[in-house]
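Every heavy atom of this structure was used, including side-chain atoms; hydrogens, water molecules and symmetry mates were not. Predicted model only: the values in this text are computed from it and were never measured. Note on naming: letters A, B, ... go to the chains in the order of the sequence lines (proteins, then strands), and numbering restarts at 1 for each one.
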Number of protein chains: 2
Amino acid sequence: MQEVIQLRKAAQTSVSQVSLLDKLRKLVLSGEYPPGAPLPELFLAEEFDVSRTPVREALKQLENEGLVEIRPKVGTFVRIPTRREIVELFQLKESLEGLAASLLARRGPVPEMDILKRNIEESERAERNADSVKYAELVHEFHWTIVRGSDNSKLVEHYGRLMNQLAYHRIVLKTVERPARMRASIREHQSVIDALLEKDPVGAELAMRGHVNASSLAAARGTDAGAPTDA
Amino acid sequence: MQEVIQLRKAAQTSVSQVSLLDKLRKLVLSGEYPPGAPLPELFLAEEFDVSRTPVREALKQLENEGLVEIRPKVGTFVRIPTRREIVELFQLKESLEGLAASLLARRGPVPEMDILKRNIEESERAERNADSVKYAELVHEFHWTIVRGSDNSKLVEHYGRLMNQLAYHRIVLKTVERPARMRASIREHQSVIDALLEKDPVGAELAMRGHVNASSLAAARGTDAGAPTDA
DNA sequence: CGTAGGGTTGATGCATGCAAGAAGTCATCC
DNA sequence: GGATGACTTCTTGCATGCATCAACCCTACG
């Protein structure tokens, strides 16, 4: 009984429609199962009242997504991310979102543009109200709208994988969006929209990349010191 | 016995070290199991002399990689790619390789640079000898060297997924590299290297993207007409 | 006291059995 | 003749049992 990290029973919701994979992913992303925690198949099987087989399949998938690590014949553990990875992921994010903005700019008038305009308005409102939760949601929506608006399903697919990993790192590294950055961020969003409206792919890409880069630097500074150590 | 597509028994190599997943992936990528072909678990299990369980896991993984499609309670089939996907994948390729070149340019003198220089020399030789097989290998190596040289493991990871899907489309769409493009391609490689040597991230990225774009356009033209129809 | 070695434990890896469901077939009815 | 319906078959989805192997502990020895 020398367990390093104790897992408490998660709230037992019925396995119903939502897949086991989604539930496991959420538990890892939410930090309910913290980095380094063991995830024995039998434990999870009892937890979700299924057999080991579907649990195994879900864990394999999560390994594939980079959220857990399966050590053969030893066990499955929630992955411990490194600081280096977050830098790498932000570099990828910049590149992919830049591509998305560029593609969206070429598409002419699409419904996404209206969504983005409304997003800006709501973001300004959230900023005035210092509602950082609402603001974070809007930022999330802004970026996803542009990526989906790229009309490139493979890009959306890869971006989704990327964001899963980043969301995980966000939780783990306890990244905090500083209120001070909100206004700057909104201005950057606006300049992205401006370029999109002008159907300027190059400008849109540059604006988007600049924005992602700025916010990633801010995120790096916002990382608290208690984060896991690098390798 | 009304099977739409007949699978012939693949050469039975022992399951030894190399994993089942790799073997299955290769069989799909090589076109041994053509698009649309059913992949019943039991068939594959007997084929590789294992039980359904490991086959299932491998198939799930391949679905994740976008190579097969699992229709619940119906069966697993080799995915039928669309022309649209190949365009999307090339857009991603351009973006990721551009990022890689940019990152590599910032790294100063690294062993990758020598590999690239030698690659150019060998490419020219292959071009003179009209050795298109050797040439294709060298192109492959050139691009991978740059991506690996980016020193961004997450980029390498995503690029690998991307190239798997592209390799698949290459096979299926029977893309042919035209000899006429070899010389142009080498020049483009050279300009990428030039920018890398000057530690010019922006120039390297632009050169790389221009190159990928040019070769993807050539590939699109090189697609033969017998390819699968779009959705 | 430190270290090497064997045994125990607990986890995964795989095989197999059973049940559930989708697709196609065939017979029947209108 | 065409359409509808149940049935048959083939497939996956899941549960469970057994074998295997890594890590740990505890003992015995130098």
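Following rounding to the nearest Å, B:Leu44 (CG) and C:dA15 (P) show an atom-to-atom distance of 14 Å. Between B:Gln61 atom CD and C:dG13 atom P there is a gap of 13 Å when expressed in whole angstrom units. Rounded to an integer number of Å, the gap from A:Lys60 NZ to C:dA11 P is 19 Å. We find that CG of A:Leu20 is positioned 9 Å from P of D:dC14, with the value rounded to whole Å. A:Glu46 has its CD atom 14 Å from the C1' atom of D:dA15, to the nearest Å. Between the CG atom of A:Leu39 and the P atom of C:dT12 there is a distance of 9 Å, rounded to whole Å. Atom C1' of nucleotide D:dT12 and atom CD1 of B:Ile70 are separated by 10 Å, given to the nearest angstrom. Atom CD of A:Glu69 is separated from atom C1' of D:dA22 by 15 Å (rounded to the nearest Å).
Taking for each of B:Glu41 and B:Thr53 the nucleotide of DNA chain D with the nearest heavy atom, the 5'-most of the two is the partner of B:Glu41. Take the nearest nucleotide of DNA chain D for A:Pro72 and for B:Leu42: the residue whose nucleotide is more 5' is B:Leu42.
Between the side chains of B:Asn64 and A:Arg161, at least one donor N or O sits under 3.5 Å from an acceptor N or O.
At the heavy-atom level, B:Arg52 lies under 4.0 Å from base atoms of the strands shown.
Applying the side chain to side chain contact (heavy atoms under 4.5 Å, CB included) test between B:Leu29 and each of B:Arg25, B:Glu32, B:Lys26 identifies B:Arg25 as the sole match.
Counting heavy atoms from C-beta on, the side chains of B:Phe90 and B:Leu217 never come closer than 4.5 Å.
The nucleotide whose nearest atom lies closest to any side-chain atom of B:Glu57 is, among C:dA15, C:dC14, C:dT12, C:dC14. The side chain of A:Val74 lies closest to D:dA22, out of D:dA22, D:dG13, C:dT16. Nearest to the side chain of A:Arg56, among C:dG13, C:dC14, D:dT16, sits C:dG13.
Rounding to the nearest 0.5 Å places CG of B:Asn213 at 11.0 Å from NZ of B:Lys93. Atom CG of B:Leu116 sits about 6.5 Å away from atom CG of B:Leu104, to the nearest 0.5 Å.
The base of D:dT11 lies outside donor-acceptor range of the side chain of B:Lys73, with no N or O pair under 3.5 Å.
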